[in-house]
Every structure is written in C-alpha cells, then in structure tokens.
Amino acid sequence: MGLFSSLLGNAGAVSQQDLEKDYSQLLTDNESIEIGFKLVRDTFIFTNKRLILVDKQGLTGRKVEYFSVGYKSISRFSVETAGSFDLEAELKIWISSEQNPSIQKKFNKSVNVYDVQKVLAQHVLG
C-alpha cells in the first residue's frame, strides 16, 4: 500500500475516505478501493480487482455512468503529457484486441498523469 499512500499527496488524488463514502456500494465482496483521481467531474477509481470510471453526465451531473474494466482486459495504454501550449495530458486505454482506444480521458494540470500511469501499469503489468 506504500505506493498508493504516497500518491495521495498529489492535487488530483481523492482521499480514501471520500472514495469509500461515495463509491463503496459499487464494490464486490473482497474488493477494496486503492486510490482514485478526480478529473473535473469524472473520477478514476483503482480497486484491487478493476478500474472503475465514474462519468457524470449532463448539466447537473445527476446522471452517472459507472464503467468497469477488469485489469486483465486492458491490452495496452498510452500517456501523452501536456505541452507548452497544450494544457491537458491524455490517457488512452485499449481493451482486448481493439484497434482504437476504448477509453480516452484528458487530464488538467491538477492531476499528475505519471501517477495515473504508474498505478495502471502496476495493475496491468503486475
């Protein structure tokens, strides 16, 4: 848990207490939340079993999609860092043998995209 604890100091990380309070109803038996990252209204949650993407939709954000991906289903991923004039970093995730990325998310500078990549690599490659 040391890696995940050390990442919580970053601006884009969400506290363990807030994640448990807001998303514990999504978990299965023996599943636990390790870390989460906030992206404006959306949240990336890494559990010990899967990646959960929380996508708040509409103007009010009352409609929410919870998209779950088992780590074994992720075939590859890429990270593109923000440039001088481009203020957003981007994460792309391919599921199974798809030609195009299934998931594409942009991160503002408050999220350290290297930390997101590190946690994803730990689960996908580990």
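Just so it is clear, the model here is predicted, and its values are computed rather than measured. Hydrogens, waters and symmetry mates play no part in the numbers below; they use all other heavy atoms, side chains included. Along the sequence shown, residues carry numbers from 1.
- With Thr47 contributing its side chain and Lys49 its backbone, the two residues share a donor-acceptor pair below 3.5 Å.
- A 4.5 Å side-chain heavy-atom check between Phe77 and Ile103 finds every atom pair outside the cut-off.
- Within a 6.0 Å radius of CD in Gln25, more than 12 heavy atoms belonging to other residues, nucleotides or ligands are found.
- Using a distance-only test at 3.5 Å, with no hydrogens or angles considered, no donor-acceptor pair links the side chain of Trp94 to the main chain of Ile74.
- A distance of 7.5 Å separates NE2 in His123 from CG in Asn48, rounded to the nearest 0.5 Å.
- With salt bridges taken as basic N to acidic carboxylate O contacts below 4.0 Å, one links Lys105 and Asp42.
- Distance check: Lys38 NZ to Ser15 OG gives 11.5 Å after rounding to the nearest 0.5 Å.
- Between Glu20 and Gln16, some side-chain heavy-atom pair lies under the 4.5 Å cut-off.
- Distance check: Lys92 NZ to Glu80 CD gives 6.0 Å after rounding to the nearest 0.5 Å.
- By the 6.0 Å contact criterion, OH on Tyr66 is enclosed, its count of non-hydrogen atoms from other residues, nucleotides or ligands being greater than 12.
- Separation of atoms OG (Ser75) and CD1 (Ile93) is listed at 10.0 Å; rounding is to 0.5 Å.
- Residues Glu90 and Val79 fail the side-chain proximity criterion, which asks for heavy atoms closer than 4.5 Å.
- Screening Leu27, Ile52, Leu51, Leu53 for a side-chain contact (heavy atoms from CB on, under 4.5 Å) involving Ile45 leaves a single residue, Ile52.
- With a 4.5 Å cut-off on side-chain heavy atoms, Phe46 and Leu120 count as touching.
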From CA spacing to verdict: side chain to side chain contact (heavy atoms under 4.5 Å, CB included), Ile35, Val14
CA-CA 7 Å; Ile35 193 167; Val14 180; over 6 Å; no
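- In this structure, Val54 and Tyr23 have side chains that are in contact, with non-hydrogen atoms separated by less than 4.5 Å.
- Expressed to the nearest 0.5 Å, how far CG of Leu26 lies from OG of Ser68 amounts to 7.0 Å.
- For Glu31 and Arg50, the salt-bridge test passes: some basic side-chain N is under 4.0 Å from an acidic carboxylate O.
- Of the inter-residue distances, the one linking Ser97 atom OG with Ile95 atom CD1 reads 11.0 Å to the nearest 0.5 angstrom.
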